[in-house]
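Some notes on the structure that comes next.
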Amino acid sequence: MDSVSTQVTLAKERDNATFDPNLMDLFINGEAWVNTRGKAIDFVRQESETFDMSDIYFLSREGELNKILKQEKRVAELIKQGKLGNEDALAITYIQDASGPYRLHRSMFMPTLERQATEEQKKVFLEKARNYEIIGCYAQTEMGHGSNVRGLETTATYIQETDEFEVDSPTLTSTKWWIGGLGVAATHACVMAQLIIKNKNYGVYPIVVPIRSTVDHKPLPGVSVGDHGPKMGFNTVDNGFVNFDKVRVPRFNLLQRYITVDNQGNVTIPSDVDPRVTYSTMVFVRSGIVNNMGKELSKAVTIAVRYTSVRRQFGDDPNKPENPVLDYPIVQYRLIPLVAKTYMMLGMSHEFYANYERCRMAIEKNNDFSLLKEMHAVSCGLKKWCSDTTIYGVDTCRHVCGGHGFSLFSGLNTAFANLYPNIIWEGDNFVLAQQTARYILKVAENSMNSSPIESDDPTSQIFKKFKYDLPKRKISNNKLWNSEITPQTVVSNEQLLLNILAYKVAHQAYTLATKINVDKQSWNDSLVAVQILSTVYSEYMLCHYFYKHLGKLSQFNKPGSDKLASPLSTLMKIGALGFLLRNTGELYDLPEETGISNHKIIDGLETEYLNLIKSARKIAVPLVDALGIPDEKLNSSLGRYDGNVYEDYMTRALSEPLNREKMGDELREQIFKRYIEPVTKHAKL
Amino acid sequence: MTLNVKTPHSSETLENERTKATFSIEEMDRFINGDEFVALREKLLAIMRSEPDIFDQKSNYFMARTEKMEKALKQEKRAIELFREGRLKFEEIPMLFNMLDWHSPYHFARGIPGAIEVQGTKEQAEVFAKPVRNLRALGCYAQTEMGHGSNVQGIETTATFIEETDEFEINSPTLTSTKWWIGSLGVVANFAFVMAQLIIKGKRLGAFPIIVPIRSTEDHQPLPGITVGDIGPKMGFPTMDNGFLRFDKVRVPRFNLLQRFINVSRNGTVTVPSDVNPKIVYSALVSARAHLINDMGIQLAKGVTVATRYTAIRRQFGEPGKFESPVLDYDIVQYRLIPLIAKAYTTIGMNHEFDRKYKLTMEDVKRDDFTTLQEMHAITCSLKKWTSDTTVYGIDTCRHLCGGHGYSIFSGLNEFFSSTYQNIIWEGDNFVLAKQTASYLVKSAFAISRKEKADSNDSINIVRKFMNIDPRIALEKLYSWSEMSAEQIANNESVLLDMLGIRLWHLVHKLVVKVYRDGQKWDESSVASQGIATAHSEYIVCLYFGRHINQLPQNSNLRPILLQLLRVTAISGLLRNTGDLFMLPKKAKITENLITGLETEYMKAIKSVRGQAVPLVDALRIPDEKLNSSLGKYDGNVYEDYMKRALDEPLNRKGSGEEIRKRFYKNYIERTLKDGLDQKSSKL
Ligand SMILES: Cc1cc2nc3c(=O)[nH]c(=O)nc-3n(C[C@H](O)[C@H](O)[C@H](O)COP(=O)(O)OP(=O)(O)OC[C@H]3O[C@@H](n4cnc5c(N)ncnc54)[C@H](O)[C@@H]3O)c2cc1C
Ligand SMILES: Cc1cc2nc3c(=O)[nH]c(=O)nc-3n(C[C@H](O)[C@H](O)[C@H](O)COP(=O)(O)OP(=O)(O)OC[C@H]3O[C@@H](n4cnc5c(N)ncnc54)[C@H](O)[C@@H]3O)c2cc1C
């Protein structure tokens, strides 16, 4: 069979672009990020001696830590000199596709101080932290407790005689565990402990505890600390354990913005703060994850799309090149919806983040907490949805690459393993769904009790639109849709798609609320339905925010921006239809009057879905190019921009230690002498 | 809240769980795993435990890849000694490595004799296969190339007949023709079973196997014209030396072409022997997949053992004043885990029946009777897909169920996941395999509808039944569920089987219409094929597992729980995408009420198994050695073991660990903390 070079194939795919990928990049990633990303790329290229990651796949754990610490040191140095900001540091981590031991210092230790320390405490701790004179970590989780923070066992007991707190780990399971930055790097820990004053337990509060000497970095007296060993991924971070044997710290170290303890052991809660502020920290951290996931899935779909368009397998005509596997419908079916979801997450995050900022400003400026609850519910739901989608999306991208996906040189294996904790930390996904569902159910119950819905956030809008008709015990059915329901009307009308998705949320929420309130079904018995409700709701929110972002296109006044609308709309439809068809049972389950629960429509939608996917296939390569992921982050033979897949793959394989000159020769010689020769001796073939 | 509620120790919690068993663990072990397997397992464990310096696996988690490889080679060397002393059989060695929970670099070498015997003449088997059976020569199976995996006919390596010297010349004409992924090749093999395009007198005859020596039997150096190496680090499978191989016009005697299905004479005349049926080649594919299916049950058993024991112990949240609840008491945890226990049992249990059928087919094939081979091929394709999908993603669920600690290597589930993963790719990528099963079913159904001849077997008969062309069957009888409540159905495995059957028929029927009436191309049918292959598997595994359970006497106390597990698997399959049920024809009377009812019954069934969860995984008898897990240890000493392993992390070790930490500090951390500071040192 004739063959075509992979580079030529990829170039031809790029000719199919109906839009300018650079412009798309600006729109979907946003100008600010495109600039920050560009700066980070320039930086790592300039200092490639320190920042080149191409050998990472061969390094031992120690080697990985050594490499990343060297980079951390350099970045910290430049931050101190004021040449880089925190945003830049984050962008560099992103390009490097690996976190280091200082990550938690930046992402958790300092933010906690910013929010929970008094001005005086900030002067002492935060300023030093900003200047890297101390390196901190955030020590909440213990061996025995993660999800249930209230169950933590570490204690901080006030000792009035010396005006100190005594921090103690009373049991094996109270050992702090999983703490990033603690294993080898940190000098200080922000420890979450049960606050005990005069025998009274006040609950869990943060307290700053020095861990290692700032002179020689040796553990301080009473502190047992170490790295807790190899992990599935994230091995460039030194997650560690620490156990306190009655360690004393000054009273001052208890972070006292939300609680004050005086030297008599009197406890006061400042009147000007609302305890709900702690929620806002969680919302902040989860929103961060929500915003990151799209950027991470971008890497995986870039690799998978480029590779499946140059990978050829089977063909009908022996005189023609074989087909790119991306031409097979089943490959498109697995991959194209992930491209759509990537775009939707990226677009959504602009609007979602703007909403988060609005909520934050309302709290900070006017002490107005009215937006927080909804924000919290959405951030829990989207954190779960985005991380699930991304982690399993990366897995699908790996599998779609066939055998070569299994090689580390695909770039997808370390990505999968490093991203994986996002489904666990900051609230395990299965636990978070419960928080989201609780909130939706409350709004639904209000609607069922016909209390007027005052607020105008996206969740309220759903229930305003689909009111509950109490006597009929279902959604009131006057004028459900603004147009007739046929497969064609549904796919040609984003607003209708959104409405159907919203209807599904309302329907499931009312049904579950009825089961719980009327049929007295227990919460534990509702947990499966709760997971589904959270998913359906998040799917709607994703579409809602993405659609809102598409609305911004008209203000995006750049030559050629009109060409962006059509592909973006196709992606939105693929995403939304995919949600409708995820489990068609959910559609069949809807009341007949919706007109969408019959198999004629559903079969029709399935056909439309496949057609849309096929239509996006043509522009798949330009779409992933527009995501703007540099080769450095891809670190992949299969996903390279230039399409030199096989050459690069071979080059990398040749540098495998077992193949290297001398070192490899010796390894193999040794293996032969010790194990193979004694077994096969005197063999003749 | 009070802090001092003293929770029971984790090992005590586990002991309490064990008292709930309603059946004998020993009896269950023997029934589900089979006497033969139990005996082998015990024999292998005895060997492993008597030589801990070779077989202890605890330290593996800290090793670099080459160290792991070396350790596995050492174990293999010992295994071969035992084999030569007559204490281990050739076929038993893979199970030794399964218990060690990784692979020997010789793994693929052991598969070579079988491949040669299928493809070669008797004489060739004698010359090439026999030395491998004695491990005097080490082969590898070199089919996949950098550029071609799924499409074997597309491979580029050539074997050209050179009449002058009566040799074949093996050549790798392009970069993408480099043999790739070949297990046991990177450092071990000294010859390769190479699939190459046979070219004789300028004519291309297709891909055929040929034996090519690659390393010297004297000093193991690559032979002239051979470039060979390891392909580098992978997601998992670290002990395996998957390799690459290139030929620069390497000559081998004509004799090395395996000639059971094709003969090449001295002057290059090609003949196809009339006395062998080329379908035999299928039987090799079938065998490889049958082994894989068998493996999957054991692997999933490890996953659920770790997750069940740990979630029974792990306590999180609860009411004030009481012990916190084991997370296994949360419905959503049960919903994620219990169906996997059921599927582990189903996979292992159904495998007995599957294996019986498989052996019968192999007997048939030996007698040149190919009537059962086609169904066997369809079944192995779909079961390979189903068992590997279920197991790989089941292990992932087990890991996630363990929360943060699942992410530690000491959970035992991470390298394990990564090294089980390739089963969804090799021996036919799962997405490619589905088509084979679907096309068999769809073609047969079409033939039946046209009153043409079609096979009569489990797979086809169920489709035929619901095509309802036999007017003698009354509809109530055909739709056995139609007069029943959801609860009655959920407790009746034969009705559940019928429901799985009608769903399979309907999916097949829909595709028949699309392909034969609407003229849809097969390529366009690959999405629908996935659903058909899965529905087919779900029917077959339940059917087979049910037959295995029926071997038990009616009054056996194993029966009730096994039937319950079977039902959980069956309902789980039915409810996977309820849309498939909703769309069944109205006359089948599978109503919305019934479907919602089944969802309720499903949760009830899951909960009813919760009490037996720990005894059930105990009875699978995955030894601590294979678990190699702090979280899943039999004795429940989770946290103590976890701490011990963490302390053993190289970074924490006395001496060597201190050295590393000092170096990190001096080179980087101290520089971060102190560079650019004025003298006033920061003391806090
Ligand atoms: C790589 C990594 C880095 C980390 N870094 C840090 C760090 O820097 N600092 C820090 O403090 N922590 C850190 N963590 C810890 C992380 O926050 C916890 O692992 C997480 O909160 C989950 O808690 P857990 O591990 O105790 O899981 P568990 O709570 O034990 O969960 C076990 C299982 O039970 C289920 N479950 C629990 N409760 C319920 C319920 N009520 N209902 C239903 N199901 C339930 C969960 O879904 C899960 O499947 C890190 C973790 C990882 C993996
Ligand atoms: C750990 C490991 C060990 C291995 N050991 C060996 C060994 O010892 N010897 C050996 O010879 N090989 C070995 N292999 C190779 C293995 O057999 C191949 O990887 C496998 O056959 C898949 O082929 P591929 O990698 O070329 O994938 P491809 O065929 O390139 O597949 C890429 C993607 O395209 C899809 N696709 C391909 N064709 C079609 C189609 N017609 N329709 C729809 N979709 C399609 C696939 O589903 C996949 O998603 C090993 C592989 C691994 C991962």
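In what follows, chains are A, B, ... by sequence order, proteins preceding strands, each numbered from 1.
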Is the charged tip of A:Arg398 near the ring of B:Tyr421: under 6.0 Å from the six-membered ring centre and within 45° of its axis? yes
Option in A:Arg334, A:Glu586, A:Arg674, A:Arg652 with maximal non-hydrogen atom pairs under 4.5 Å from chain B: A:Arg334
Tell me, for A:Ile135 versus chain B, whether the close heavy atoms (under 4.5 Å) come from the side chain, the backbone, both or neither. both
So, applying side-chain hydrogen bond (donor to acceptor under 3.5 Å, both in side chains) with A:His145, which one of B:Gln316, B:Glu324, B:Arg315 is it? B:Glu324
N/O donor-acceptor pair under 3.5 Å between B:Arg661 side chain and A:Gly183 backbone: no
Can you tell me which portion of A:Ser60 sits under 4.5 Å from chain B's heavy atoms? Options are side chain, backbone, both or neither. neither
Tested for side-chain hydrogen bond (donor to acceptor under 3.5 Å, both in side chains) against A:Thr584, the lone hit among B:Asp580, B:Asn577, B:Thr578 is B:Asn577
Is it the side chain or the backbone of B:Arg314 that comes within 4.5 Å of chain A heavy atoms, both, or neither? side chain
Portion of B:Ser408 that has a non-hydrogen atom of chain A nearer than 4.5 angstrom: both
Side chain from CB out, backbone as N, CA, C, O: work out which of these in A:Asp603 comes under 4.5 Å of a heavy atom of chain B, or both, or neither. side chain
Measuring heavy-atom distances to chain A, does B:Leu175 have an atom under 4.5 Å in its side chain, in its backbone, in both, or in neither? side chain
Measure A:Arg212 against the heavy atoms of chain B and call it side chain, backbone, both or neither at under 4.5 Å. neither
Does B:Phe62 reach the side chain of A:Arg61, with side-chain heavy atoms less than 4.5 Å apart? no
Answer whether the closest heavy-atom distance between the side chains of B:Glu218 and A:Glu677 falls below 4.5 Å. no
State, without any angle test, whether A:Tyr649 and B:Trp180 hold a side-chain donor-acceptor pair at a distance under 3.5 Å. yes
Measure A:Asn148 against the heavy atoms of chain B and call it side chain, backbone, both or neither at under 4.5 Å. both
Which portion of A:Tyr646 sits near chain B, non-hydrogen atoms under 4.5 angstrom: both
With a 4.5 Å cut-off on heavy-atom pairs, point out which of A:Trp178, A:Tyr57, A:Phe58, A:Tyr132 contacts chain B the most. A:Trp178
Contact class of A:Leu667 relative to chain B, heavy atoms under 4.5 angstrom: side chain
Please report the C-alpha distance between B:His400 and A:Asn429 in whole Å, then the side-chain angles of each, then the deciding distance to 0.1 Å, and finally whether the side-chain hydrogen bond (donor to acceptor under 3.5 Å, both in side chains) criterion is met. CA-CA 10 Å; B:His400 189 184; A:Asn429 281 358; 5.6 Å; no
Do B:Asn652 and A:His228 meet the criterion of a side-chain donor-acceptor pair at a distance under 3.5 Å? no
Chain B heavy atoms under 4.5 Å from A:Asn253: which part of the residue, side chain, backbone, both or neither? neither
For chain B, the option from A:Asn524, A:Val225, A:Ile424 that forms the most heavy-atom pairs under 4.5 Å: A:Asn524
With no hydrogens and no angle check, is any side-chain donor or acceptor of A:His404 less than 3.5 Å from a backbone partner on B:Met146? yes
Examine whether an atom of A:Phe234 lies under 4.5 Å from a heavy atom of chain B, and if so say whether it belongs to the side chain, the backbone or both; otherwise answer neither. both
Can you tell me if A:Asn659 uses its side chain to pair, donor with acceptor, with the backbone of B:Gly229 under 3.5 Å? no
Hey, is A:Glu133 close enough to B:Lys674 for a salt bridge, meaning N to O under 4.0 Å? no
Checking B:Met583 against chain A: side chain, backbone, both or neither under 4.5 Å from a heavy atom? both
Answer yes or no: is there an ion pair linking A:Glu656 with B:Arg65, defined by an N-O contact shorter than 4.0 Å? yes
A:Asp525 versus chain B, the contacting section by heavy-atom distance below 4.5 Å: both
Per-residue tally against chain B (heavy atom, under 4.5 Å) across A:Lys80, A:Gln670, A:Glu77, A:Arg668 peaks at A:Lys80
Between B:Trp426 and A:Phe406, does the ring centroid distance fall short of 6.0 Å? no
Polar side chain donor-acceptor pair, B:Asp396 to A:Tyr392, under 3.5 angstrom: yes
Checking heavy atoms, do the side chain of A:Gln531, its backbone, both or neither come under 4.5 Å from chain B? side chain
Hey, which of A:Thr175, A:Ile330, A:Asn413 has the most heavy atom pairs under 4.5 Å with chain B? A:Ile330
When A:Lys218, A:Glu62, A:Gln313, A:His599 are compared by non-hydrogen pairs under 4.5 Å with chain B, the top option: A:Gln313
Relative to chain B, which segment of A:Thr187 carries a heavy atom at a distance below 4.5 Å: side chain, backbone, both, or neither? side chain
Aromatic contact between A:His399 and B:Phe431, with the criterion being ring centroids under 6.0 Å apart: yes or no? yes
Taking atom NZ as the centre, does A:Lys70 end up with more than 12 heavy-atom neighbours from other residues, nucleotides or ligands that are less than 6.0 angstrom away? no
When the 4.5 angstrom heavy-atom criterion is applied to A:Thr414 and chain B, the contacting part is neither
Is it the case that A:Arg74 places NZ or CZ above or below the six-membered ring of B:Tyr668, under 6.0 angstrom from the centre and within 45 degrees of the axis? no
A quick test of your reading: do over 12 heavy atoms of other residues, nucleotides or ligands sit less than 6.0 Å from OH of A:Tyr333? no
Part of A:Ile423 within contact of chain B (heavy atom distance under 4.5 Å): both
Is B:Glu670 salt-bridged to A:Lys73, going by a charged N under 4.0 Å from an acidic O? no
